[in-house]
2 protein chains.
Amino acid sequence: LSGGFSEVGDGGRALENRIVDVVRGKNVPLVGPNTMGIYSASVSLSALMPIIKPKKGTISFISQSGNIGTNILSFGGEMGLGFNKFVSCGNAADIDIADYLEYLDSDQETKVVVLYIEGVRDGRKFMNVAKRVSLKKPIIAYKAGKTVKGAMAAASHTGSLAGSNKVYQSAFKQCGITEASTVNEITDLARAFLYLPLPKGNKVGIVTWGGGYGVVATDACEDAGLEVPELDEEVLEALDEILPPYWSKGNPVDLVAMMEGVIEGKMLDILDILVKSDGIDAVIASGYILGGINPTNQKTEGLATFYDEVNRNNVAKIIELMKKYEKPIIPVTTVADQRAIQRFSEEEIVIYSSLESTANILAKMFGRYKYLETHE
Amino acid sequence: LSGGFSEVGDGGRALENRIVDVVRGKNVPLVGPNTMGIYSASVSLSALMPIIKPKKGTISFISQSGNIGTNILSFGGEMGLGFNKFVSCGNAADIDIADYLEYLDSDQETKVVVLYIEGVRDGRKFMNVAKRVSLKKPIIAYKAGKTVKGAMAAASHTGSLAGSNKVYQSAFKQCGITEASTVNEITDLARAFLYLPLPKGNKVGIVTWGGGYGVVATDACEDAGLEVPELDEEVLEALDEILPPYWSKGNPVDLVAMMEGVIEGKMLDILDILVKSDGIDAVIASGYILGGINPTNQKTEGLATFYDEVNRNNVAKIIELMKKYEKPIIPVTTVADQRAIQRFSEEEIVIYSSLESTANILAKMFGRYKYLETHE
């Protein structure tokens with residue numbers, strides 16, 4: 001757990017090398033130094049510096065930052081994310097990221113791998129292992145130290161040589177690693193890979209409660225490299241029978257404040273029509289998780305109960321539709337309301353609170369689909 | 001409130017023109033059509049389609065989307081955002097965004113203006129008004145219909161000609177309008193302009209609990225065009241007296257898991273040293289709002305109470321430091337924990353849950369400072 005090694009400069013590096021000399025060849029693997037410890041759900045071991053109790057699950061996480069790692073481990077549980085193995089690899093003087101990754105390759109309990117990387121020492125070894133692992137399980141990587149000043153900060157943090165960001169991005173792409181662009185995207189992607197089928201194309205159907213969100217969602221998809229296609233004639237005809245005559249007659253589909261749609265479940269029929277269409281590979285559904293109501297406010301208690309009932313029904317149906325058609329459907333709450341998201345954290349569904357993030361995640365999932373298509 | 005006008009095509013446009021003919025010249029302003037209504041806290045009027053009760057405040061909001069507008073109005077209250085005037089301008093057949101903006105110019109109760117725009121009809125008029133208003137109060141604009149497909153969706157939503165996104169971005173820049181890049185950034189920016197002093201330069205001091213977050217924050221600042229400068233000699237010396245000998249001795253400042261720093265308030269002394277330095281214009285402080293503890297969990301109740309005490313103390317001190325030195329300090333929770341943010345929603349402070357967003361917001365605030373410097 002101690003610091004004062006390669007992250008503080010040449011003197012520390014010499015000290016670190018001496019430790020490595022002591023353990024090497026003696027079949028004693030060294031984690032760190034400058035680590036915050038390890039965790040294994042399989043053997044109920046939590047040898048971590050902070051007092052946290054991760055939720056048990058199937059995500060394994062190799063992190064060069066102890067704090068980012070243990071924070072995600074700790075808070076991820078509230079978002080329904082369970083972890084299986086975790087290591088804060090610190091300065092990685094002896095065992096490096098590639099070694100941990102190799103271990104996870106054959107670990108049956110690990111379904112998704114997450115990496116927080118400041119610098120990889122043996123790039124070739126890392127790429128060889130990553131290429132093998134990514135064919136079996138998704139690898140999500142966040143690369144820190146992307147900028148010149150960020151790389152300097154990384155050097156004083158874990159003694160890492162952060163290297164050119166372009167080199168890392170190309171390497172990730174070649175190895176089938178999905179890169180998280182922000183720290184919060186790490187958990188968003190992990191949840192997506194755990195619970196959603198991969199989209200088999202980039203054509204997105206959009207349903208929103210209100211035209212404005214439709215415009216925003218369309219922009220977000222186009223920006224992320226996804227397509228918002230015209231709807232097939234038969235889809236339009238089927239929707240015509242449900243929606244009022246003045247509906248937008250195209251993609252995005254605006255539920256045009258159709259309150260009876262909520263009450264009679266017609267909004268779910270609309271979803272069914274869209275998702276089963278051959279011209280649609282994934283659906284973004286805004287307005288299917290109602291929120292913004294404080295459940296502890298007595299005045300709005302009745303409404304909160306009604307909303308919860310609608311939400312539970314919609315969540316169950318969305319999971320059913322995803323299984324039936326093997327296409328991802330992502331409901332988005334149109335306000336940054338974590339309550340609704342946490343409410344369904346144990347379900348096999350992904351709910352986001354940003355249309356822009358949703359489009360980015362779908363694009364990255366499609367990227368993984370394409371990689372597997374061409375490398376399997 | 002009714003639809004079926006210019007947003008559905010030429011037939012609807014003819015109908016819309018006839019309504020305008022009826023009201024024009026009779027001193028009857030027409031809101032809409034295809035609107036969700038208006039709201040005014042000054043006269044306690046809520047003539048909106050959805051049953052919501054916005055929190056009273058000083059933000060006024062002109063929105064071409066009724067749903068995005070009323071959603072932000074409704075949920076913003078929980079984030080401590082109070083609103084003064086709101087209009088869902090819909091197709092804006094008679095009164096356009098520029099007219100509403102002109103009204104807000106002289107409205108004493110409006111301190112911050114928010115715009116959701118799909119298309120502006122009279123660009124010159126809009127720019128003239130916006131230039132005048134932005135010198136007095138911040139204008140935040142979200143432009144929807146940025147992409148080709150998004151613009152098509154906007155046309156069928158409010159009959160708007162979305163136009164080239166580059167033209168809008170340039171126009172916003174020329175008028176001193178701050179553009180929100182995502183829907184969630186609308187509220188983040190509104191809160192920042194309400195409660196934070198503008199940074200007078202782009203030099204950011206970073207304090208984090210753990211080196212990893214320091215690397216991420218540095219990358220985020222550099223990406224946003226902010227600088228993470230070396231610290232002055234006197235700052236380094238002052239920090240040397242507080243931090244343990246193995247600290248990183250630079251910016252970002254890592255609190256290196258200094259638990260006594262939390263208990264004895266030394267982390268606030270560190271903040272004071274940074275913020276008062278002439279070489280620092282703004283501070284990003286990660287690790288000052290402790291979170292991730294569920295307050296209703298009996299096992300961790302004691303820890304939650306301790307965390308809350310630390311947080312309250314830190315929030316009070318940060319507000320005090322911002323007033324004293326007239327520089328923005330933004331605490332960031334290192335997990336996407338809205339509880340901690342909502343807990344302090346009534347305080348004159350801004351807490352974000354993403355280092356990347358924080359850097360973007362600071363860069364945009366500095367943009368406004370530069371605009372005012374050169375245009376006043």
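So you know, we letter chains A, B, ... as the sequences are listed, proteins then strands, and number each from 1. All heavy atoms count here, side chains included; hydrogens, waters and symmetry mates do not.
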TODO: Please examine the side chains of B:Asn91 and B:Thr35, heavy atoms only from C-beta on, and report whether any two atoms are closer than 4.5 Å.
DONE: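 Answer no - side chains too far apart.
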
Task: Those residues that, when tested against B:Lys55, pass side-chain contact (heavy atoms from CB on, under 4.5 Å) (two or more places apart) - done: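 With sequence neighbours excluded, B:Lys55 shows a side-chain contact (heavy atoms from CB on, under 4.5 Å) to B:Glu346, given in chain and number order.
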
- [ ] Between chain B and each of A:Gly211, A:Ser65, A:Pro252, count heavy-atom pairs under 4.5 Å; write down the option with the most.
- [x]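 Counting heavy-atom pairs under 4.5 Å, the top option is A:Gly211.
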
Open item on the list: Heavy-atom pairs under 4.5 Å with chain B: which of A:Glu356, A:Lys249, A:Glu227, A:Met36 has the most?
Closed with: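 Among the listed options, the one with the most contacts to chain B is A:Glu356.
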
Open item on the list: Treating B:Asn251 as the side-chain partner and B:Glu230 as the backbone partner, does any N or O pair qualify as donor plus acceptor under 3.5 Å?
Closed with: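 Looks like no, no N/O pair under 3.5 Å.
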
TODO: Look at B:Ala220, B:Gly212, B:Cys221, B:Ser63 and state which one has the largest set of heavy-atom pairs under 4.5 Å with chain A.
DONE: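 Answer, by heavy-atom pair count under 4.5 Å with chain A: B:Gly212.
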
Task: Choice from B:Val148, B:Val8, B:Val183, B:Ile52 maximising heavy atom contacts with chain A below 4.5 Å - done: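 Greatest number of close heavy-atom pairs with chain A: B:Val183.
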
Open item on the list: List the residues meeting ring pair (Phe, Tyr, Trp, His ring centres under 6.0 Å) with A:Phe86, not counting sequence neighbours, and say none if there are none.
Closed with: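 Residues passing ring pair (Phe, Tyr, Trp, His ring centres under 6.0 Å) with A:Phe86: A:Phe61.
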
